[in-house]
Amino acid sequence: MKINIVSLFTGMFETPFSDSIIKRAREKGLVEMSMHDIRDCTTDRHRTVDDTPYGGGAGMVMMPEPLVQTVESIEREKKSISILMTPQGEPFSQKIAHELVDFDQLLLICGRYEGIDERAREIIADREISIGDYVLSGGEIPAMVLVDAVVRLIPGVLGNDQSIEHESFEEGLLECPQYTRPEVFRGKRVPPVLLSGNHAEIEAWRRREALKRTRVRRPDLLKDLPLTERDEG
Ligand code: 9D3
């Protein structure tokens with residue numbers, strides 16, 4: 001998969017994508033990433049990328065010309081999609097991550113200031129995504145979140161021992177409690193069932209604990225979950 005990131009702060013992407021899972025995915029040739037600085041597509045002496053809003057008001061708006069120019073300078077693969085990271089977009093989810101992993105190329109456009117000129121938005125954005133209802137300073141961190149979630153779904157990126165199939169959001173439940181050595185830590189014991197060696201009982205316990213935790217912390221997740229008869233008990 002090819003990932004192109006359009007931003008005014010391309011330097012922000014250097015370290016997060018040079019570590020751990022994404023680093024290994026790049027080394028294995030499974031993802032190719034490139035950053036595109038919008039300022040490189042300016043033509044004036046001051047390399048201006050923003051201007052005051054028509055109609056007045058506080059803040060600045062990203063000008064259409066350098067932004068559209070930057071996006072249009074990127075070579076497109078057959079199956080590519082351009083995504084504008086914006087607080088007005090649809091909320092990002094594991095489901096969207098699965099939809100995006102099917103593309104050969106993602107173009108992620110990061111806004112800054114109060115946002116981008118509406119005409120530029122219409123021209124460059126196939127889809128618009130937000131990562132949640134809180135205010136950030138720009139689309140860079142949201143783009144990193146999206147890349148991380150999508151890249152780990154590319155076949156071959158995760159090792160077999162890190163299989164995604166049993167991960168919490170894939171099953172629609174929160175994770176059950178996890179334990180490792182020692183058996184007793186500050187007087188707190190590991191639940192005896194986990195030491196029993198009875199795999200059927202361990203599985204049943206994990207499912208029960210995951211349901212319990214989801215019911216308390218995220219009851220909204222249970223609404224669209226197919227529960228078995230055993231779960232209801
Ligand atoms: C004062 C009105 N704000 C709109 C909600 C203005 C505004 C706030 C933050 C305009 C841009 C931004 C910068 N944020 C993003 O570009 C952004 C974002 C976010 O702030 N939260 C969650 N997801 C995203 S994706 C892009």
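FYI, side chains are in, hydrogens and waters are out, and symmetry mates aren't considered; it's all heavy atoms of this structure. When a ligand or atom number is given, it counts from 1 through the structure's own listing order.
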Side-chain donor or acceptor of Ser73 paired with backbone N/O of Thr70 under 3.5 Å: yes
Any side-chain heavy atom of Ile22 sitting closer than 4.5 Å to one from Arg152?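 Ile22 vs Arg152: side chains apart.
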Side-chain contact test, heavy atoms from C-beta onward, threshold under 4.5 Å: evaluate it for Leu107 versus Arg76 and give yes or no.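 They are in side-chain contact.
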Is a side-chain donor-acceptor pair under 3.5 Å present for Glu128 with Thr86? no
Would you please write out the protein residues whose heavy atoms approach any atom of ligand 1 to under 4.0 angstrom, listed by chain and number? Met85, Thr86, Pro87, Tyr113, Glu114, Ile129, Ser130, Ile131, Gly132, Tyr134, Val135, Leu136, Ser137, Gly138, Gly139, Pro142
So if I apply the side chain to side chain contact (heavy atoms under 4.5 Å, CB included) rule between Val150 and each of Leu146, Val147, Leu153, which one comes out positive? Leu146
Are the charged groups of Arg119 and Asp117 less than 4.0 angstrom apart, N to O?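 Yes, this pair counts.
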